[in-house]
Enquirer: 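Once you've had a glance at the structure underneath, I'll fire off some questions.
The analysis underlying the following values was restricted to heavy atoms, covering all of them including side chains, and did not include hydrogens, waters or symmetry mates. Reminder, nothing fancy here: chain letters follow the sequence lines and each chain counts from 1.
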Amino acid sequence: MITPSVRQLFRETKDYLDREIAVCGWVRTVRDSRTFGFIELNDGTFFRNLQVVFDNRLANFEDVARLNVGASLRVKGLLVSTPQAKQPFELKAGEVEVEGASTPDFPLQKKRHSFEFLREIAHLRTRTNTFSAVFRVRSLAAQAIHNFFQERGFIWVHTPIVTASDCEGAGEMFRVTTLDPLSPPLDSRGQVDYTQDFFGRQANLTVSGQLNVETFCMAFQKVYTFGPTFRAENSNTARHAAEFWMIEPEIAFADLQDNMRLAEDMVKHLIGSILEKAPEEMEFFNRMIDPGLLDRLQRVAEARFEKITYTEAIGILEKAPVSFEFPAEWGKDLQTEHERYLSEKVFQKPVFVTDYPKTIKAFYMRLNDDDRTVAAMDLLVPGVGEIIGGSQREERYDVLRQRIEEMGLNPEDYGWYLDLRKFGGCRHAGYGLGFERAIMYLTGMGNIRDVIPFPRTVKTIHF
RNA sequence: UCCUGAGUAGCUCAAUGGCAGAGCAUCCGGCUGUUAACCGGAGGGUUGUAGGUUCGAGUCCUACCUCAGGAGCCA
């Protein structure tokens with residue numbers, strides 16, 4: 001007997017109608033009367049459920065009618081068309097085999113649950129409509145990003161997770177060590193002796209693959225990373241996690257304009273791909289999570305992203321007819337309230353802000369001719385805020401070395417990075433896309449903890 | 001880390017300092033086409049923790065814990 005997925009039933013209905021089939025899945029709800037009943041069966045392949053009809057001709061009718069939500073079943077029967085009903089077809093069960101029963105205390109009910117509650121049962125929340133949709137979109141988005149870069153000849157580089165560079169300046173890092181925390185070996189000055197540690201020196205989890213991937217950029221021209229990243233910041237917001245995934249493309253013989261073009265093309269490709277491949281999920285997000293989502297995404301797919309310089313942004317903010325808690329001031333970083341105002345009120349679409357003061361940006365960003373700004377760009381999107389941060393990189397050896405020193409860093413720690421400028425360095429640029437923030441933007445989900453399977457945040461590492 | 005708010009039944013929430021409740025879920029019964037099915041009934045509580053004020057505290061006070069929203073840091 002053929003065992004099609006529920007996705008196949010919905011997508012290629014004609015192939016299965018009026019045929020005997022078997023379907024495996026999990027019970028979302030059971031409704032029964034004296035002699036018959038209905039099961040909503042979800043098999044994980046499709047957003048919608050398959051309706052199973054069963055009656056007392058089943059040998060185990062009583063057991064089936066009393067099934068608890070969450071049970072896993074294998075149902076054999078005839079797939080019939082139901083043109084007058086809410087669902088296009090249903091499975092008339094000839095045999096229902098209970099693979100795994102559930103119990104009355106299955107936590108998921110046939111009602112809306114708060115996301116806070118569902119986070120406490122992350123091992124079960126995948127069986128809800130929302131998380132079924134979120135994680136299918138997440139999977140599709142990851143593939144869409146790979147497709148985008150691979151189609152354009154980019155090389156995917158697996159930059160290291162464990163790194164010895166502890167001065168990338170991107171945030172607090174998690175220490176990686178095999179030393180005994182209760183009695184670490186000490187050196188002659190009473191400090192922890194890391195020469196006896198596994199790597200012979202301090203090691204950390206990566207906060208960015210950028211410096212490493214630049215080496216590949218100088219050999220392959222077009223490269224990207226896509227992998228996990230770790231930040232030990234004590235951040236308690238809906239947009240931060242200690243473990244998240246990041247995509248970091250890096251392109252050679254390219255400047256900031258090329259960089260922004262790439263970022264815009266990528267975001268548009270991503271949106272188009274998800275709208276095409278997950279229409280049911282996106283329609284659900286639009287209806288239940290974020291009314292207006294589809295309109296907004298479709299407009300973005302067509303619009304040109306706005307581009308303004310930091311200096312222009314400050315000008316707009318200074319003239320803004322609203323009072324900010326912190327007034328915008330040239331030389332200071334944009335506050336969240338400023339970014340929201342720009343993307344949500346002024347432009348109402350994604351906007352690149354470029355050319356920030358060098359004092360508030362990283363050492364590797366290319367110094368502009370004005371000597372006070374760098375060729376940086378942040379992409380701000382309505383609802384989520386900063387989704388991409390990038391720059392043209394400083395390719396001039398002397399300037400880079402001087403910037404490292406200006407920022408109080410030690411050039412010796414950046415020997416191999418400086419080498420790239422010494423041996424055939426060239427113009428190049430890149431950016432980092434927060435994968436989870438992209439998923440939030442695509443789905444309208446408001447909390448990063450709800451777009452990561454098992455989120456790691458401050459004081460939280462369940463599951 | 002800072003600011004604000006919240007913690008009461010499995011879930012979502014009520015309860016003027018005076019008998020701790022509802023809807024949903026669960027269990028039992030009914031129902032021949034349901035769609036978060038419907039109808040009837042039942043069970044279900046150390047009110048986050050520890051102190052304090054009071055004749056009396058879910059309610060007021062203090063500390064702590066947890067969660068949420070906002071901010072900072074950033075992707």
Side-chain angles (χ1 to χ4, degrees), chain A residues 28-40 48-56 65-66 68-70 80 82 84-88 90 92 102-121 128-129 168-172 207-210 225 228-248 263 288 324-326 332-340 360-362 378-381 384-390 431-441 446-452 457-460 462:
Chain A
R28 284 287 177 86
T29 135
V30 182
R31 299 179 288 273
D32 75 287
S33 290
R34 175 197 286 276
T35 58
F36 71 100
F38 303 91
I39 299 170
E40 297 280 337
R48 296 180 66 179
N49 302 319
L50 171 66
Q51 174 160 291
V52 174
V53 197
F54 63 99
D55 60 32
N56 58 3
R66 276 202 298 261
N68 292 116
V69 176
V80 298
T82 53
Q84 292 88 1
K86 284 192 180 178
Q87 74 287 348
E90 64 188 17
K92 285 198 177 304
S102 185
T103 59
D105 58 345
F106 184 69
L108 295 171
Q109 300 163 18
K110 295 178 274 188
K111 56 170 269 191
R112 268 188 100 128
H113 288 287
S114 67
F115 290 136
E116 292 84 356
F117 171 66
L118 292 170
R119 270 171 225 150
E120 296 170 8
I121 50 167
T128 63
N129 288 335
E168 291 168 9
E172 295 296 313
V207 292
S208 165
Q210 182 203 318
T225 72
T229 307
F230 307 87
R231 304 269 169 95
E233 299 286 353
N234 188 9
S235 295
N236 290 286
T237 81
R239 306 183 305 283
H240 291 84
E243 177 182 314
F244 63 99
W245 285 56
M246 194 155 61
I247 296 105
E248 297 170 291
M288 302 297 286
F324 296 112
E325 190 182 349
F326 299 98
K332 289 189 175 169
D333 213 346
L334 298 180
Q335 301 279 319
T336 297
E337 59 180 338
H338 302 147
E339 296 183 345
R340 291 183 70 107
I360 58 173
K361 286 294 183 183
D378 285 355
L379 180 64
L380 312 179
V381 298
V384 178
E386 183 180 340
I387 199 173
I388 284 174
Y431 60 83
L433 167 73
F435 185 53
E436 284 77 13
R437 290 189 182 175
I439 304 301
M440 291 169 73
Y441 182 57
N447 196 309
I448 197 167
R449 299 172 183 93
D450 298 326
V451 298
I452 301 181
T457 54
V458 183
K459 297 270 187 275
T460 306
H462 301 138

Enquirer: Determine: side-chain N/O of A:Asn236 to OP1/OP2 of B:rC73, distance under 4.0 Å, yes or no.
Expert: no

Enquirer: Please state the P separation for the pair B:rG48 and B:rG10 - nearest whole angstrom.
Expert: 13 Å

Enquirer: Measure the acute angle between the ring planes of A:Phe38 and A:Phe36, then classify it against the limits of 30° and 60° as parallel, tilted or perpendicular.
Expert: perpendicular

Enquirer: Starting from C1' on B:rA68, measure out to CG on A:Asp450 and report it in whole angstrom.
Expert: 12 Å

Enquirer: Check whether the side chain of A:Ser235 and the base of B:rC74 form a donor-acceptor pair under 3.5 Å.
Expert: no

Enquirer: Could you check if a side-chain atom of A:Ile452 sits within less than 4.5 angstrom of a side-chain atom of A:Ile439, using non-hydrogen atoms only?
Expert: no

Enquirer: Look at the side-chain N and O atoms of A:Thr336 and state whether any lies under 4.0 Å from the OP1 or OP2 oxygen of B:rG72.
Expert: yes

Enquirer: Does any nucleotide pair with B:rU59 by Watson-Crick or G-U wobble geometry, both distances under 3.5 Å, and what is it?
Expert: none

Enquirer: Under 4.0 Å, counting only non-hydrogen atoms across every strand here, what does A:Leu108 touch: a base, just sugar-phosphate, or nothing?
Expert: nothing

Enquirer: Of the listed nucleotides (B:rU12, B:rG72, B:rA75), which one gets closest to any side-chain atom of A:Ile448?
Expert: B:rA75

Enquirer: Paired with B:rU47 by Watson-Crick or G-U wobble geometry, both distances under 3.5 Å: which nucleotide is it?
Expert: none

Enquirer: How would you label the contact of A:Arg239 with the nucleic acid (heavy atoms, under 4.0 Å): base, sugar-phosphate, or nothing?
Expert: base

Enquirer: May I ask you to test the A:Arg28-A:Asn129 pair for a side-chain heavy-atom distance under 4.5 Å?
Expert: yes

Enquirer: Write down the distance separating the C1' atoms in B:rU12 and B:rU8, rounded off to the nearest Å.
Expert: 12 Å

Enquirer: Check the distance between B:rA75's C1' and A:Glu172's CD and give it to me in whole angstrom.
Expert: 16 Å

Enquirer: What is the nucleic acid contact for A:Thr82, judged by heavy atoms within less than 4.0 Å: base, sugar-phosphate only, or nothing?
Expert: nothing

Enquirer: Could you give the distance separating B:rC55 and B:rC2 at their C1' atoms, to the nearest angstrom?
Expert: 42 Å

Enquirer: Looking for any heavy atom pair under 4.0 Å, which part of the strands does A:Thr457 touch: base, sugar-phosphate only, or nothing?
Expert: nothing

Enquirer: Side-chain donor or acceptor of A:Lys332 under 3.5 Å from a matching atom on the base of B:rG72?
Expert: no

Enquirer: Where is the tightest heavy-atom contact between A:Gly432 and A:Glu248, given as atom of each residue plus distance?
Expert: CA-CG, 4.0 Å

Enquirer: I want to verify a distance call: between B:rC27, B:rC74, B:rU34, whose nearest atom is closest to the A:Gln87 side chain?
Expert: B:rU34

Enquirer: With rounding to the closest Å, how many angstrom separate the P atoms on B:rA22 and B:rA6?
Expert: 25 Å

Enquirer: To the nearest 0.5 Å, what is the distance between CG on A:Asn447 and CD on A:Glu116?
Expert: 8.0 Å

Enquirer: Heavy atoms from C-beta onward define the side chain here; which of B:rU34, B:rU12, B:rA75 lies closest to that of A:Arg231?
Expert: B:rA75

Enquirer: What about A:His113, does its side chain sit under 3.5 Å from the base of B:rC11 through a donor-acceptor pair?
Expert: no

Enquirer: Take A:Phe435 and A:Arg340, find for each the nucleotide of RNA chain B with the closest heavy atom, and name the residue whose nucleotide sits nearer the 5' end.
Expert: A:Arg340

Enquirer: Let me spell it out: for each of A:Phe106 and A:Glu90, pick the nucleotide of RNA chain B with the closest heavy atom. Which residue's pick is nearer the 5' end?
Expert: A:Phe106

Enquirer: Scan A:Phe117 against the nucleic acid and name what it touches under 4.0 Å (heavy atoms): base, sugar-phosphate only, or nothing.
Expert: sugar-phosphate

Enquirer: Regarding A:Asp105, tell me which of base, sugar-phosphate or nothing describes its non-hydrogen contacts under 4.0 Å with the strands shown.
Expert: nothing

Enquirer: Less than 4.0 angstrom from a charged side-chain N to a carboxylate O is my criterion; do A:Arg437 and A:Glu386 meet it?
Expert: no

Enquirer: I'd like the P distance from B:rA57 over to B:rG52, given in whole Å.
Expert: 12 Å

Enquirer: Does A:Asp32 reach a base, just sugar-phosphate, or nothing at all? Heavy atoms under 4.0 Å.
Expert: base

Enquirer: Could you give the CZ-to-P distance, from A:Arg48 to B:rA36, as a whole number of Å?
Expert: 12 Å

Enquirer: Can you tell if the side chain of A:Met440 reaches within under 4.5 Å of the side chain of A:Ile448, non-hydrogen atoms only?
Expert: yes

Enquirer: If we call it a pair only when both distances are under 3.5 Å in a Watson-Crick or G-U wobble match, what pairs with B:rU53?
Expert: none

Enquirer: Nearest to the side chain of A:Phe36, heavy atoms from C-beta on, is which of B:rA36, B:rC74, B:rG33?
Expert: B:rG33

Enquirer: With rounding to the closest Å, how many angstrom separate the P atoms on B:rC64 and B:rG5?
Expert: 16 Å

Enquirer: Ignoring the backbone of A:Gln109, work out which of B:rC11, B:rU34, B:rA68 is nearest its side chain.
Expert: B:rC11

Enquirer: Touch check for A:Asp55, heavy atoms < 4.0 angstrom, all strands: base, sugar-phosphate only, or nothing?
Expert: nothing

Enquirer: Could you check whether A:Glu436 gets within reach of a base, just the sugar-phosphate, or nothing at all, counting any heavy atom under 4.0 Å?
Expert: nothing

Enquirer: Measuring only the C1' atom in each nucleotide, how far is B:rA20 from B:rG56? A whole number of Å is fine.
Expert: 15 Å

Enquirer: Is the ring of A:Phe38 stacked on the base of B:rG33, with centres less than 5.5 Å apart and planes under 30° off?
Expert: no

Enquirer: Need the pair for B:rC74. Rule: Watson-Crick or G-U wobble, both distances under 3.5 Å, any strand; none if unpaired.
Expert: none

Enquirer: Do the side chain of A:Arg112 and the base of B:rA36 come within less than 3.5 angstrom through a donor-acceptor pair of N or O atoms?
Expert: no

Enquirer: Tell me whether the side-chain N/O atoms of A:Gln335 come closer than 4.0 Å to OP1 or OP2 in B:rG72.
Expert: yes

Enquirer: In the structure shown, which nucleotide is the Watson-Crick or G-U wobble counterpart of B:rA22, with both distances under 3.5 Å?
Expert: B:rU12

Enquirer: Determine whether a donor-acceptor pair (one donor, one acceptor, N or O, separation below 3.5 Å) exists between the side chain of A:Arg437 and the base of B:rC74.
Expert: yes

Enquirer: So which nucleotide from B:rC74, B:rU12, B:rC73 ends up closest to the side chain of A:Glu233?
Expert: B:rC73

Enquirer: Counting side-chain heavy atoms from C-beta on, which of B:rG72, B:rU34, B:rU26 comes nearest to A:Pro104?
Expert: B:rU26

Enquirer: For A:Glu325, report the nucleic acid contact type (base, sugar-phosphate, nothing); a contact means any heavy atom under 4.0 Å.
Expert: nothing

Enquirer: Tell me: NZ of A:Lys92 to C1' of B:rU32, nearest whole Å?
Expert: 12 Å

Enquirer: Can you measure from CE (A:Met246) to OG1 (A:Thr225) and round to the nearest 0.5 angstrom?
Expert: 6.5 Å

Enquirer: Checking base pairs now: Watson-Crick or wobble, both atom distances under 3.5 Å. What partners B:rG69?
Expert: B:rC3

Enquirer: Could you check whether the side chain of A:Gln51 and the base of B:rU34 have a donor-acceptor pair of N or O atoms closer than 3.5 Å, going by distance alone?
Expert: yes

Enquirer: Which part of the nucleic acid, if any, lies within reach of A:Thr237 when heavy atoms closer than 4.0 Å are counted: base, sugar-phosphate only, or nothing?
Expert: base

Enquirer: Select base, sugar-phosphate, or nothing to describe what A:Ala438 touches, counting heavy atoms under 4.0 Å on all strands.
Expert: nothing

Enquirer: Do any side-chain nitrogens or oxygens of A:Asn56 fall under 4.0 Å of OP1 or OP2 in B:rU32?
Expert: no

Enquirer: In the structure I gave you, are the side-chain heavy atoms of A:Glu172 and A:Arg231 within less than 4.5 Å of one another anywhere?
Expert: no

Enquirer: Just how far is it from atom CD of A:Glu120 to atom NE2 of A:His113, taken to the nearest 0.5 Å?
Expert: 11.5 Å

Enquirer: Quote, to the nearest angstrom, the C1' distance that separates B:rG18 from B:rU54.
Expert: 12 Å

Enquirer: Base, sugar-phosphate, or nothing: which does A:Glu116 touch, judged by heavy atoms less than 4.0 Å apart?
Expert: sugar-phosphate

Enquirer: Contact class for A:Gln84 (heavy atom, under 4.0 Å): base, sugar-phosphate, or nothing?
Expert: nothing

Enquirer: Counting only Watson-Crick or G-U wobble pairs whose two distances fall under 3.5 Å, which nucleotide matches B:rC38?
Expert: B:rG30

